[in-house]
Amino acid sequence: MLTINPITGALLVESRDLPAGSWVVQNAANSGVGRSVIAFAKERGLRTINIVRREKLVTEIAELGADIVLVDHPDVAARERAIIGDDPVLLGLDGVSGEATSLTSPDAAPRTAPAWARPVGW
């Protein structure tokens, strides 16, 4: 896992040619891939919205360079939108699937049309 997670994170960040300053949202931000996504996104000048399942992870993930860290909850999309306003989220990375995808989807704002990547086994 030490060798594949960083590669997967890099490939996911590179999956779209996003301009610096673009927002990327991901759930499973505490996973190895999620941590790699934060690092590679930061290197490219992208801003990240990171969803974690436990409050105790917020500080740890923020210290990795995450721009926003939110705890998973049914209102997470609304909290995300309240923070970023009208900015579009151009890339969504789903490492959980199911209901978690809809909760983290920035589709609360119709002007947002992200590309969602759902890597298998992440």
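Neither Ile7 nor Val13 shares a network with the other; the hydrophobic side chains, linked directly or stepwise wherever heavy atoms of I, L, V, M, F, W or Y lie under 4.5 Å apart, form separate groups for each. At a threshold of 4.5 Å between side-chain heavy atoms, the hydrophobic network of Ile, Leu, Val, Met, Phe, Trp and Tyr places Ile83 and Val58 in two separate groups. Ile38 and Leu12 end up in different hydrophobic clusters when Ile, Leu, Val, Met, Phe, Trp and Tyr side chains are linked at under 4.5 Å. Under the 4.5 Å side-chain heavy-atom criterion for ILVMFWY residues, no single connected hydrophobic cluster contains both Leu64 and Val37. Taken together through direct or relayed side-chain contacts under 4.5 Å among Ile, Leu, Val, Met, Phe, Trp and Tyr, Leu70 and Ile61 form parts of separate hydrophobic clusters.
Proximity of a side-chain donor or acceptor of Arg16 to a complementary backbone N or O of Leu91 within less than 3.5 Å is not detected. Of the possible donor and acceptor atoms, none in the side chain of Gln26 sits under 3.5 Å from a partner among the backbone N and O of Asn50. Judged purely by atom type and a 3.5 angstrom limit, Arg44 has no side-chain atom pairing as donor or acceptor with the backbone of Ala39.
Smallest separation of non-hydrogen atoms from Gly9 and Ser36: CA-CB, 4.0 Å. When all heavy atoms are compared, the tightest approach of Leu46 to Ala20 is CD2-CA, 4.4 Å. Of all the heavy atoms in Ser22 and Pro19, the pair that sits closest is OG-O, 2.7 Å.
Results of the side-chain contact (heavy atoms from CB on, under 4.5 Å) test with Trp23 over Asp67, Leu18, Thr48 single out Asp67 as the only residue that passes.
Side-chain contact between Arg53 and Leu57 is absent, with no heavy-atom pair separated by less than 4.5 Å. Using a 4.5 Å cut-off on side-chain heavy atoms (C-beta onward), Val71 and Lys56 make no contact. At a threshold of 4.5 Å between non-hydrogen side-chain atoms, the residues Val24 and Arg47 do not count as touching. Residues Val69 and Ile49 are not in side-chain contact: their nearest non-hydrogen atoms beyond the backbone lie 4.5 Å or more apart.
A donor and an acceptor atom, one from each side chain of Asp72 and Asn27, are nowhere located under 3.5 Å apart.
Electrostatic pairing of Arg54 and Glu60 does not count as a salt bridge here, judged by no charged N lying under 4.0 Å from a carboxylate O.
Taken from CZ in Arg35 to CG in Asn30, the straight-line distance is 4.5 Å, to the nearest 0.5 Å.
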